[in-house]
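Keep in mind it's a predicted model, so treat the numbers as computed, not measured.
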Amino acid sequence: MKRTTILCLSLTLLILFVGCKSAPVNLKSVEYKESGISLTDEASVAKNLHGNLVIAAAGGPIVDDEACVLFSLYNASREPYNFYDSSVSIYYGNIITGKWRLMSKWDAFLYLKSALRNYRSKSFWSGVGSAFDMVTIGISRDNYNLGNSKVYSVDALSYGNYSSIIQTKMEEMESVIKRKDDKPFYTYIEDNLLYSARIPALGNYYGWLFFDAKKGADYRIDFTDSYTGEASSFYFIRSDR
């Protein structure tokens, strides 16, 4: 009887341990009203206003020690807006102390190149597929200049639905990131990274950025307006903190 009790207790602890290990970890937005950052009713999307540019950001899942954030930029003016991926800087540190260290400036092309190289290496050595039956990337930085960038434009009147569009993008990422070692994930990010882009008048642009998720760290992502030099800081914490 005693051995049965111990066995049941062990199984219960094992189930609890597995459940804790498999619990999804995400980045959560933190509201900073003094810097102009506010949260939507869903308490997941942070947003700020730079003149005619509305910026929104939402934290995504953390998988394999890598975090992701979705950015949305809405150009409410009657003129195109030139967005550069290098305008986004990623910091890690502590929200309470206000101490931060620069991790990197976002470079979509460099990230994609590195991610695909790692994918090809894993796939080749694991025997999943040949080195030629994989995601193909025949691009250079010139392919992502402002003239040929990936732009998703919408009618200005539909901007009120941006939260639902962000939610759709979040659901897409949650789906593909479960297959991070497979081709569909890399095909998705190639099409949906936060590249430099010319955002048309009354147009909206969405894109993902990725960075290392350091244990115990908070994150600050700065967007600097290429026209005015004005900066906005978006803050994120891990959901398992």
Side-chain angles (χ1 to χ4, degrees), residues 14-30 43-46 57-72 85-86 88-129 134-135 137 166-167 169-195 206-223 233-241:
L14 178 61
I15 292 171
L16 289 173
F17 176 76
V18 172
C20 291
K21 291 289 285 184
S22 61
V25 180
N26 297 283
L27 286 182
K28 296 169 57 179
S29 299
V30 176
S44 60
V45 181
I62 299 175
V63 176
D64 296 336
D65 296 324
E66 187 174 58
C68 58
V69 169
L70 177 67
F71 262 77
S72 162
D85 58 356
S86 58
V88 177
S89 300
I90 305 165
Y91 296 81
Y92 72 96
N94 188 286
I95 288 179
I96 296 176
T97 64
K99 294 182 178 179
W100 303 97
R101 288 188 177 183
L102 177 65
M103 186 182 300
S104 64
K105 282 187 174 293
W106 173 240
D107 186 322
F109 174 79
L110 186 62
Y111 173 82
L112 181 63
K113 184 177 179 181
S114 176
L116 292 179
R117 185 189 303 119
N118 292 337
Y119 168 70
R120 289 181 179 126
S121 177
K122 287 180 182 178
S123 298
F124 179 80
W125 291 111
S126 65
V128 171
M134 298 174 190
V135 176
I137 175 171
I166 288 179
Q167 183 61 36
K169 292 289 182 183
M170 299 292 286
E171 291 172 356
E172 290 175 358
M173 178 56 72
E174 289 174 0
S175 175
V176 299
I177 208 166
K178 295 175 182 177
R179 303 175 61 188
K180 198 172 181 182
D181 291 330
D182 295 338
K183 184 175 178 178
F185 172 75
Y186 292 91
T187 301
Y188 178 80
I189 65 169
E190 184 175 353
D191 289 336
N192 291 279
L193 284 181
L194 185 66
Y195 297 105
Y206 297 87
W208 289 93
L209 62 90
F210 291 80
F211 53 90
D212 292 336
K214 299 181 180 294
K215 293 187 181 299
D218 301 319
Y219 304 95
R220 190 186 98 202
I221 299 180
D222 286 2
F223 167 80
S233 295
F234 294 84
Y235 298 86
F236 298 89
I237 61 173
R238 295 172 61 108
S239 62
D240 59 350
R241 280 196 56 185

Enquirer: Supply the atom-to-atom distance Glu174 CD to Asn26 CG, rounded to the nearest 0.5 angstrom.
Expert: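 Answer for the CD-CG pair, Glu174 versus Asn26, is 6.5 Å.
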Enquirer: Which heavy atom of Gly59 sits nearest a heavy atom of Val69, and at what distance?
Expert: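 Where Gly59 meets Val69 most closely, the heavy atoms are CA-CG2, 4.4 Å.
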Enquirer: Taking all heavy atoms of Cys68 and all of Trp208, pick out the closest pair and write down the distance.
Expert: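 So the two residues come closest at SG-CZ3, 3.7 Å.
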Enquirer: Apply ring-ring contact (aromatic ring centres under 6.0 Å, His included) to the pair Phe71 and Phe234, showing each step before the final yes or no.
Expert: CA-CA 10 Å; Phe71 262 77; Phe234 294 84; 5.6 Å; yes
Enquirer: Are the side chain of Tyr195 and the backbone N or O of Glu190 linked by a donor-acceptor pair below 3.5 Å?
Expert: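 Yes: the side chain of Tyr195 pairs with the backbone of Glu190.
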Enquirer: Between Tyr186 and Asn118, does the side-chain contact (heavy atoms from CB on, under 4.5 Å) criterion hold? Intermediate values first, please.
Expert: CA-CA 11 Å; Tyr186 292 91; Asn118 292 337; 5.7 Å; no
Enquirer: Donor-acceptor check, side chain of Lys180 to backbone of Val63, threshold 3.5 angstrom: yes or no?
Expert: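 Here the side-chain-to-backbone pair exists.
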Enquirer: I'd like to know if the side chain of Ser89 reaches the main chain of Asp222, judged simply by a donor and an acceptor atom lying under 3.5 Å from each other, with no hydrogens or angles considered.
Expert: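 Checked: no pair found.
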Enquirer: May I have the step-by-step check of side-chain contact (heavy atoms from CB on, under 4.5 Å) for Asp107 and Asp85, ending in yes or no?
Expert: CA-CA 6 Å; Asp107 186 322; Asp85 58 356; 4.2 Å; yes
Enquirer: Could you go through the side-chain contact (heavy atoms from CB on, under 4.5 Å) check for Phe185 and Met173 one step at a time?
Expert: CA-CA 8 Å; Phe185 172 75; Met173 178 56 72; 4.1 Å; yes
Enquirer: From Asn94 CG over to Arg101 CZ, what is the distance, rounded to the nearest 0.5 angstrom?
Expert: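 One finds 12.5 Å between CG of Asn94 and CZ of Arg101.
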Enquirer: Return yes if some donor-acceptor pair links the side-chain N/O of Asp182 with the main-chain N/O of Pro184 below 3.5 Å, else return no.
Expert: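 No; zero donor-acceptor contacts below 3.5 Å.
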Enquirer: Let me confirm one number: the CD-CG distance from Glu172 to Asn192, rounded to the nearest 0.5 Å.
Expert: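 Nearest 0.5 Å value for the CD-CG distance: 6.5 Å.
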Enquirer: Go through it in stages, so that I can follow the logic: the residues are Tyr92 and Phe211, the test is ring-ring contact (aromatic ring centres under 6.0 Å, His included), and I'd like the CA-CA distance, side-chain angles, deciding distance and then a yes or no.
Expert: CA-CA 10 Å; Tyr92 72 96; Phe211 53 90; 10.0 Å; no
Enquirer: Ignoring hydrogens, what is the shortest heavy-atom contact between Lys214 and Met103? Give both atom names and the distance.
Expert: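 That closest heavy-atom pairing would be CE-CE, 4.0 Å.
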Enquirer: Test your reading of the model: is there a side-chain donor-acceptor pair from Trp100 to the backbone of Arg220, 3.5 Å cut-off?
Expert: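 No; judged by distance alone, with no hydrogens or angles, the pair does not exist.
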Enquirer: Can you see which heavy atom on Ala67 is nearest to which on Leu27, and at what distance?
Expert: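 Here Ala67 and Leu27 meet closest at CB-CD1, 3.7 Å.
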Enquirer: About how many Å separate CD1 of Ile62 and CZ of Arg238, when rounded to the nearest 0.5 Å?
Expert: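 Separation between the atoms: 4.0 Å.
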Enquirer: Working to the nearest 0.5 Å, report the span between CD1 of Ile90 and CH2 of Trp106.
Expert: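 One gets 6.5 Å once the value is rounded to the nearest 0.5 Å.
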Enquirer: Is there a side-chain contact between Ile221 and Leu209, using heavy atoms and a 4.5 Å cut-off?
Expert: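 In short, these two side chains touch, coming nearer than 4.5 Å.
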Enquirer: Specify the closest pair of heavy atoms between Ala58 and Met170, including all atoms of both residues, with the distance to one decimal.
Expert: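 Looking at all heavy atoms of both residues, the closest pair is CB-SD, 4.1 Å.
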Enquirer: Which of parallel (below 30°), tilted (30 to 60°) and perpendicular (above 60°) describes Tyr111 and Phe210?
Expert: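 Tyr111 vs Phe210 ring planes: parallel.
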Enquirer: Write down the atom of Ala57, the atom of Ser29, and the distance for their closest heavy-atom approach.
Expert: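 Where Ala57 meets Ser29 most closely, the heavy atoms are O-OG, 3.8 Å.
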Enquirer: Nearest 0.5 Å please: distance from the OH atom of Tyr91 over to the CZ atom of Phe236.
Expert: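 Here the interatomic distance stands at 15.0 Å.
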